[in-house]
Amino acid sequence: MDFAIDYILIPFIKIFIVFNVVAGVVALLTLAERKVAAWIQVRLGPMRVGPYGILQPLADGLKLMLKEDIVPAGADKWIFTLAPVISLVPAFIVFAVIPFGPADGFTILGHKISYFITDLNIGVLYVLSISSVGIIGIILGGWASNSKYPLLGALRSAAQMVSYEVPLGFSIIGVLILAGSLSLVKIVEAQKAAGFWYVFLQPVGFILFFACGIAETNRAPFDLPEAESELVAGFHTEYSGFRFSLYFLAEYASMIVVSCMAVTLFWGGWLRPFPNVHAFDFLDAFPLAPLVWFAAKVVVFIYAYLWFRWTWPRYRYDQLMKVGWQWLLPLAMANVIVTAVLVLLLKG
Amino acid sequence: MSTKEEQTLFDASEITVSMGPQHPSTHGVLQVKLKLDGERVIDAECVIGYLHRGVEKLGEAQTYGQFVPTLDRMDYIAAVSNCLGYCEAVEKLLSVTAPPRAQYIRVIMTELNRITSHLLWLGTHAIDLGAVTVFLYCFREREEILKIFENYCGARLTTHMFRIGGTQYEIYDGFQDQVRVFVKDFPKKVDEYETLLTENRIWIGRTRGVGVISAKDAIDMGLTGPSLRGSGVEWDIRKAKPYAAYSDFEFDIPAGEAGDTYDRYMVRLEEMRQSARIISQAVEKIPDGPLMAKMSKIIKPPIGDIYHSIESPKGELGYYIVSDGSTQAYRARVRPPSFVNLQSLKRMVAGHMVADVVAIIGTLDIVLGEIDR
């Protein structure tokens with residue numbers, strides 16, 4: 001009985017909660033995007049639906065669901081339907097390994113409950129591989145649309161994925177060397193043991209990771225696959241209604257994933273500032289403190305995402321490639337080597 | 001793509017993409033047929049005429065006075081300039097000069113309109129390159145000017161601001177203060193736009209060396225306005241052949257060097273500052289006097305023809321009017337700057353990427369209403 005509860009019931013409840021919270025946050029994020037954009041652009045943003053437009057995501061979702069479902073003539077219907085789902089699902093299942101809090105969470109009726117769904121010993125690899133699958137949805141969507149702008153958008157995203165996946169992987173290796181583990185929980189615990197968030201030991205790695213993360217999620221200034229000014233809407237030009245909203249949700253969920261990863265790997269996950277200084281213990285002395293710290297850090301990164309999008313112009317395709325291969329990749333490799341040598345010297 | 005047999009990804013070396021006439025970045029109903037090799041543009045062909053309304057023919061069917069509001073619909077971004085050019089052309093034909101007070105009001109309004117036109121250009125150009133926020137900053141200032149227009153004549157966009165022989169309306173109470181406040185703050189606002197763009201690495205990367213045209217080529221193709229001055233040719237009709245009251249004011253003609261998109265951007269930004277300078281001079285010394293020249297109510301120019309051109313925000317806006325002595329023009333021909341500037345597009349985009357096409361369309365600052373007429 002205990003086995004059933006510990007390994008079936010509790011994970012199910014956790015998955016249910018995480019899925020719904022993430023979906024809710026994504027919805028709020030669409031509102032946040034519009035609100036932050038509005039504040040940056042000296043206007044108010046949505047104000048009509050609910051107080052301060054707080055219910056706007058509901059109205060948007062309802063509108064998109066009620067829209068006519070259009071599949072363009074000549075489109076590959078099967079792939080066209082499947083592509084947004086392929087894009088969305090990986091963005092959500094990545095959350096299975098994101099540690100929102102420590103393993104020793106709290107106890108209910110004798111059952112220990114941790115703050116994450118599972119602690120995979122290859123968590124980092126899992127996140128990297130699963131989140132890359134999402135881009136296949138974009139490529140397929142662009143290809144299946146039987147239209148030229150989506151095709152160009154899809155080709156761009158394929159190229160972008162290839163060029164930015166590599167430095168993204170390299171940028172993490174520094175952290176892995178320091179932590180000595182691929183488990184996301186262990187990485188955060190290693191940061192606690194070290195007394196530092198890894199961003200202070202790996203500043204270059206962090207900047208590279210976040211830059212590549214933005215590119216991986218197709219956000220400005222690397223939003224070439226959708227580049228509305230030249231490609232109309234890029235890969236999702238032909239998508240409308242609920243299918244479009246699936247792409248939209250996938251993009252925002254991926255943003256949260258990258259932010260969560262940045263927080264976990266570089267910003268001490270659920271740890272409060274100065275995790276080893278006992279004078280600051282009061283910072284943890286409230287219920288669900290790890291979750292609050294985690295969420296607060298994620299919000300900062302989400303804001304950075306929005307901030308970049310609404311202030312910077314967009315890179316051009318060839319410049320994007322140049323930045324990826326000429327700057328990010330060599331820097332990431334140099335970072336790995338320097339970290340490895342330093343660790344060897346200091347520990348050896 | 002995948003379902004067409006004759007064009008698959010692997011054997012097609014080039015694809016043809018029809019950009020427009022329904023496209024967010026062609027600034028209206030311009031269609032550009034692009035031949036692409038991957039993302040690189042091999043050839044571009046402009047298709048125009050989607051907005052043709054027969055404006056020139058209307059000029060033959062309407063009396064001189066009736067034709068003026070129609071012209072506002074040509075370059076609807078800079079309606080005041082259209083109006084000024086035509087009114088002055090007919091005045092020349094009639095051998096009438098507008099009184100100094102009217103001339104000053106004309107200069108202020110035209111320069112305000114130049115600022116709105118450049119603001120709209122800056123905003124849309126920045127959107128084309130992905131910087132969305134600049135657009136709303138520009139519209140914030142543009143709104144102030146449109147409010148001045150609305151207070152003055154009741155309309156914001158298609159203003160019908162002037163009449164042949166002068167202006168109809170007296171300036172309203174508080175006009176000078178409102179304009180003064182605006183031109184005092186405006187240069188700071190331009191600095192604000194610059195903080196977002198001028199030294200931004202991405203912006204420089206997207207505009208430097210894009211759409212380069214040499215001074216000689218620019219002159220050969222008949223480019224005028226900021227598109228010409230970006231190549232380093234200091235040709236501005238306000239200085240070269242002063243009209244209205246422009247000879248009374250001090251202002252500089254900004255010019256670029258490289259003739260690329262970045263230089264044209266800098267030229268237009270500086271032009272906005274210079275316009276503010278002209279306005280601040282003009283508003284301080286508006287002379288007293290009548291608004292309309294003494295002339296008969298029915299406009300019947302003597303037989304003859306006239307070509308008169310002014311510096312519209314886009315370039316040289318010329319009117320060629322042939323009079324047969326009746327109340328209607330025998331021929332009313334417009335030389336629209338956008339139309340002439342657009343022909344350089346093909347040369348500018350060759351060899352660039354798709355993303356540069358929208359940058360170059362943006363940098364030419366075209367208005368399709370004026371191209372198609």
Side-chain angles (χ1 to χ4, degrees), chain A residues 36-43 45 72-77 79-80 140 142-156 158-159 219-224 226-234 237 306-323 327, chain B residues 1-4 7 9 12 15-20 22-27 32 34 36 38-41 123-141 143 192 195-197 200-208 210 352-359 361-362:
Chain A
V36 170
W39 294 329
I40 289 175
Q41 297 171 346
V42 289
R43 57 193 176 88
D76 194 328
K77 201 170 178 190
I79 300 179
F80 188 81
L140 288 179
W143 180 259
S145 296
N146 188 29
S147 176
K148 283 169 188 171
Y149 289 122
L151 180 71
L152 282 174
L155 288 178
R156 281 180 175 190
R219 290 282 299 186
F222 306 107
D223 58 342
L224 287 114
E226 28 195 308
E228 79 264 9
S229 56
E230 63 242 33
L231 295 187
V232 188
T237 306
L306 306 181
W307 182 26
F308 294 160
R309 168 157 183 199
W310 297 109
T311 43
W312 281 345
R314 182 183 302 114
Y315 271 111
R316 201 173 59 206
Y317 177 70
D318 56 328
Q319 295 166 340
L320 179 93
M321 292 294 138
K322 206 170 150 187
V323 170
W327 289 99
Chain B
M1 294 302 296
S2 54
T3 51
K4 279 188 191 166
Q7 261 191 346
L9 184 65
I15 56 171
T16 311
V17 174
S18 167
M19 192 184 245
Q22 302 286 333
H23 190 279
S25 305
T26 53
H27 294 222
V32 186
L34 295 173
L36 301 180
E39 288 248 350
R40 206 159 282 283
V41 178
T124 50
H125 187 42
I127 283 195
D128 289 346
L129 298 184
V132 186
T133 297
V134 183
F135 179 75
L136 283 122
Y137 287 180
C138 291
F139 265 55
R140 182 184 59 192
E141 273 71 68
E143 187 63 28
E192 198 180 322
T195 58
L196 276 168
L197 299 176
N200 186 312
R201 278 182 60 98
I202 306 176
W203 178 261
I204 292 173
R206 287 300 305 274
T207 53
R208 277 252 164 90
V210 172
H352 282 302
M353 323 270 301
V354 180
D356 292 328
V357 175
V358 294
I361 293 174

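Each chain gets a letter, A, B and so on, in the order the sequences are listed, and its residues count up from 1.
- Options B/Gly362, B/Ala359, B/Ala131, B/Ser18 differ in how many heavy-atom pairs under 4.5 Å they form with chain A, and the most are formed by B/Ala131.
- Annotation: side chain of B/Thr207 is in contact with side chain of B/Leu129 (closest heavy-atom distance under 4.5 Å).
- Ring geometry for B/Phe135 versus B/Phe139: interplanar angle of 30 to 60°, hence tilted.
- Of the two parts of B/Val210, only the side chain, counted from C-beta on, holds a non-hydrogen atom closer than 4.5 Å to a non-hydrogen atom of chain A.
- Side-chain atoms of A/Arg309 do not come within 3.5 Å of backbone N or O of A/Ala37 as any donor-acceptor pair.
- Ranked by heavy-atom pairs under 4.5 Å with chain A, the first of B/Val357, B/Val17, B/Leu197 is B/Val17.
- Here the side chains of B/Arg206 and A/Arg314 are in contact, with some heavy-atom distance below 4.5 Å.
- For A/Gln41, the parts sitting under 4.5 Å from any heavy atom of chain B are the backbone and the side chain alike.
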